[in-house]
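Throughout, residue positions are numbered sequentially from 1 according to the sequence presented. When reading the values below, keep in mind they use all heavy atoms of this one structure, side chains included, and skip hydrogens, waters and symmetry mates.
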Amino acid sequence: MHFGNPEFFIALILIPLIFFGLYFSRRKKRKLLETFASTEMQEKLILNRSTIAETITNFLLIVIIILLIIAAARPQWGKKLQIIEEKSLDIVVATDVSSSMLAEDLKPNRIQRAKNAFSSFIDQLQGDRVGLVIFSGDAFVQCPLTNDYSALKMFASIVDVGIIPKEGTNLPEAIQTSISLFPEYAKNKVLILITDGENLQGNIEQEIKVAKSENVIIYTIGVGTQNGAPIPIRNAQTGEKSYVKDADGNIVLSQLDATTLSKIARETHGGFFQVSAGEGEIRQIFNEINLMEKEKLAQHRYTRYKEQYKYFVFLAFALFIIMQMIFLRKIGLKG
């Protein structure tokens, strides 16, 4: 026999205390009766007074407590085979690290809000494999598909604007690099694109077609506002802040391109969301992808002992009923 919670057996040290408690309680009751009435008078006043019945009920009480302690320790015997299948969905998150992500129309800035969205998304996952791609003018794999969420968060923590030397925003390159991470056999492939959507390079239409042919579902999360904001630049030596300007000396406003992001999501059967303070979009994306069919990665077989505590609980209950019947029939007062 095995026990799932053997530490509960420490409660057995209470049994001697209960035994002596019942014994001294019985002696005290006798002394009190002797104070008020003689033995003959007690026999006349008390109907069916039975020392044996009282002893039996006390004994049953102790046995019931022992049985309940054993049940709490989870006795186990007999074996059963349990098969657990490990299933997973492959998800790639592509995060924009171009200079426009420094815009402060979302506080503290777009890049920090993008990192917060990624972290919140990871916190809700259980077992799914996730990869991380970063992009600006080029796209690079920051972390391949993994279910090691601690490692993912570590890689995400060092993501920042300027980590990729080539400037610009190349959405087609981001989509292409992300698709390369998915295994060919996967039925459902999910790409989450976190960006302000200002595509400056490549043929986005072509990559949308490729994504559709590869059965990649793309969710786009727009980081920024359609009113836009200037892109700050800080002097590395003085810390002085200025803003990006065009050839004519005018301050450039970076705006959220909701039209492009909506198109990408719509044509790949995903969804477009704008990042919000409450991060409701993260929960909605999670709920949708959680309904998708997952791939079986592995099958694990475990031999487990069967839980048998119910027999001890049933026996304790039966003894409790018997104890009550004895008490009601043998102990009573004359009317």
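Applying the side-chain hydrogen bond (donor to acceptor under 3.5 Å, both in side chains) criterion to Gln308, with sequence neighbours excluded, gives no partner residue. By the side-chain hydrogen bond (donor to acceptor under 3.5 Å, both in side chains) test, Lys245 is found to be paired with no residue, residues two or more places apart in sequence or in another chain being considered. Judged as a side chain to side chain contact (heavy atoms under 4.5 Å, CB included), and not counting sequence neighbours, the contacts of Asn250 are Asp246, Asp248. By the ring-ring contact (aromatic ring centres under 6.0 Å, His included) test, Phe317 pairs with no residue at all, sequence neighbours left out. When the side chain to side chain contact (heavy atoms under 4.5 Å, CB included) test is applied to Asp128, the partners found at least two apart in sequence or on another chain are Ser88, Leu89, Ile91, Leu125, Tyr149, Lys294. Under the side chain to side chain contact (heavy atoms under 4.5 Å, CB included) criterion, Phe320 pairs with Ile64, Met323, Gln324, not counting sequence neighbours. For Thr146, the side chain to side chain contact (heavy atoms under 4.5 Å, CB included) partners at least two apart in sequence or on another chain are Cys143, Asp148, Leu152. Under the rule for a side-chain hydrogen bond (donor to acceptor under 3.5 Å, both in side chains), the partners of Ser276 that lie at least two apart in sequence or sit in another chain are Glu281. Remark: Ser178 pairs with no residue by the side-chain hydrogen bond (donor to acceptor under 3.5 Å, both in side chains) rule, at least two apart or across chains.
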Kindly list each side-chain donor-acceptor pair under 3.5 angstrom involving residues 130-137, sequence neighbours excluded, with atom names and distances?
from: Ser136; atom 1: OG; to: Lys166; atom 2: O; distance (Å): 2.8

Please set out all donor-acceptor pairs under 3.5 angstrom arising from side-chain atoms of residues 68-77, sequence neighbours excluded.
from: Arg74; atom 1: NE; to: Glu307; atom 2: OE1; distance (Å): 3.4
from: Arg74; atom 1: NE; to: Glu307; atom 2: OE2; distance (Å): 3.1
from: Arg74; atom 1: NH2; to: Glu307; atom 2: OE2; distance (Å): 2.4
from: Gln76; atom 1: NE2; to: Glu307; atom 2: OE2; distance (Å): 3.0

Please report, to 0.1 Å, the donor-acceptor pairs under 3.5 Å made by any side chain of residues 220-230, with sequence neighbours excluded.
from: Thr220; atom 1: OG1; to: Leu261; atom 2: O; distance (Å): 3.0
from: Thr225; atom 1: OG1; to: Asp105; atom 2: OD2; distance (Å): 3.0
from: Thr225; atom 1: OG1; to: Gly228; atom 2: N; distance (Å): 3.2

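When all heavy atoms are compared, the tightest approach of Ile282 to Gln124 is CG2-NE2, 3.5 Å. Counting all heavy atoms, side chain and backbone alike, Gly197 lies closest to Thr260 at O-CB, 4.2 Å. The two residues Pro232 and Lys241 make their nearest non-hydrogen contact at CB-CD, 3.7 Å. Closest approach of Ala277 to Arg113, counting heavy atoms only: N-NH2, 3.5 Å. Nearest heavy-atom pair, Leu67 versus Leu319, reported as atom, atom and distance to 0.1 Å: CD1-CD1, 3.7 Å.
Between Gln201 atom CD and Thr169 atom OG1 the span is 7.5 Å, to the nearest 0.5 Å. Here the CD1 atom belonging to Ile289 is positioned 10.5 Å from the CG atom belonging to Asn188, to the nearest 0.5 angstrom. Note that the OG atom of Ser254 and the OH atom of Tyr243 stand 13.5 Å from one another [nearest 0.5 Å]. In this structure, CD on Glu207 lies 10.5 Å from CG on Leu171, to the nearest 0.5 angstrom. Thr259 OG1 to Ile264 CD1: the interatomic distance, rounded to the nearest 0.5 Å, is 11.0 Å. With rounding to the nearest 0.5 angstrom, the CG atom of Leu191 is 12.5 Å from the CD atom of Glu214.
The shortest distance between side-chain heavy atoms of Ile192 and Ile285 falls below 4.5 Å. Ser98 has its side chain out of reach of Thr195: every pair of non-hydrogen atoms, C-beta onward, lies at least 4.5 Å apart. Counting heavy atoms from C-beta outward, Leu14 and Ile65 have side chains that stay 4.5 Å or more apart. Thr177 is not listed as a side-chain neighbour of Phe140, based on a closest heavy-atom distance of 4.5 Å or more. A heavy-atom distance below 4.5 Å is found between the side chains of Met292 and Val190. Asp160 is not listed as a side-chain neighbour of Val97, based on a closest heavy-atom distance of 4.5 Å or more. Counting only heavy atoms from C-beta outward, the side chains of Phe272 and Gln274 approach each other to under 4.5 Å.
Under the side chain to side chain donor-acceptor pair (under 3.5 Å) rule, Tyr219 has a single partner from Gln284, His269, Glu288, which is Glu288.
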inquiry  = Evaluate Lys189 against Asp90 for salt bridge (Lys or Arg N to Asp or Glu O under 4.0 Å), listing each step before the verdict.
reply    = CA-CA 6 Å; Lys189 308 169 187 178; Asp90 290 332; over 6 Å; no

task = Determine, step by step, whether Leu291 and Asn287 satisfy the side chain to side chain contact (heavy atoms under 4.5 Å, CB included) criterion, reporting the C-alpha distance in whole Å, the side-chain angles of both residues, the deciding distance to 0.1 Å, and the verdict.
result = CA-CA 7 Å; Leu291 297 174; Asn287 290 337; over 6 Å; no

inquiry  = Walk me through whether Asp123 and Lys153 qualify under salt bridge (Lys or Arg N to Asp or Glu O under 4.0 Å).
reply    = CA-CA 10 Å; Asp123 287 340; Lys153 284 192 171 185; 2.4 Å; yes

task = I would like to know whether Ile179 and Val210 meet side chain to side chain contact (heavy atoms under 4.5 Å, CB included); could you show each step before the answer?
result = CA-CA 9 Å; Ile179 290 175; Val210 172; 4.1 Å; yes

key: Steps toward side chain to side chain contact (heavy atoms under 4.5 Å, CB included) verdict (Phe155, Val159)   = CA-CA 7 Å; Phe155 282 113; Val159 168; over 6 Å; no

ask   = Hey, mind stepping through Phe3 and Phe8 against ring pair (Phe, Tyr, Trp, His ring centres under 6.0 Å) and telling me if it holds?
value = CA-CA 10 Å; Phe3 293 92; Phe8 278 93; over 10 Å; no

task = Kindly indicate, with the supporting measurements, whether the criterion side chain to side chain contact (heavy atoms under 4.5 Å, CB included) is fulfilled by Ile175 and Ile204.
result = CA-CA 9 Å; Ile175 295 173; Ile204 192 67; 3.8 Å; yes

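Heavy atoms from other residues, nucleotides or ligands lying under 6.0 Å from CG of Leu17 number more than 12. Shown here is Tyr311, whose OH atom has no more than 12 heavy atoms of other residues, nucleotides or ligands within 6.0 Å. A 6.0 Å sphere centred on CD of Glu205 holds more than 12 heavy atoms belonging to other residues, nucleotides or ligands. Within a 6.0 Å radius of CZ in Phe273, other residues, nucleotides and ligands contribute more than 12 heavy atoms.
In the model, Gln112 has a side-chain atom that pairs as donor or acceptor with a side-chain atom of Asn116 under 3.5 Å.
Using a cut-off of 4.0 Å between Lys/Arg side-chain N and Asp/Glu carboxylate O, Arg283 and Glu279 are scored as not salt-bridged. Using a 4.0 Å cut-off between a side-chain N of Lys or Arg and a carboxylate O of Asp or Glu, Arg234 and Glu240 do not qualify as a salt bridge.
Looking only at distances, no side-chain donor or acceptor of Asn5 sits under 3.5 Å from a matching main-chain atom of Glu7.
Hydrophobic clustering of Ile, Leu, Val, Met, Phe, Trp and Tyr side chains at less than 4.5 Å, counting indirect connections, keeps Leu193 apart from Phe121.
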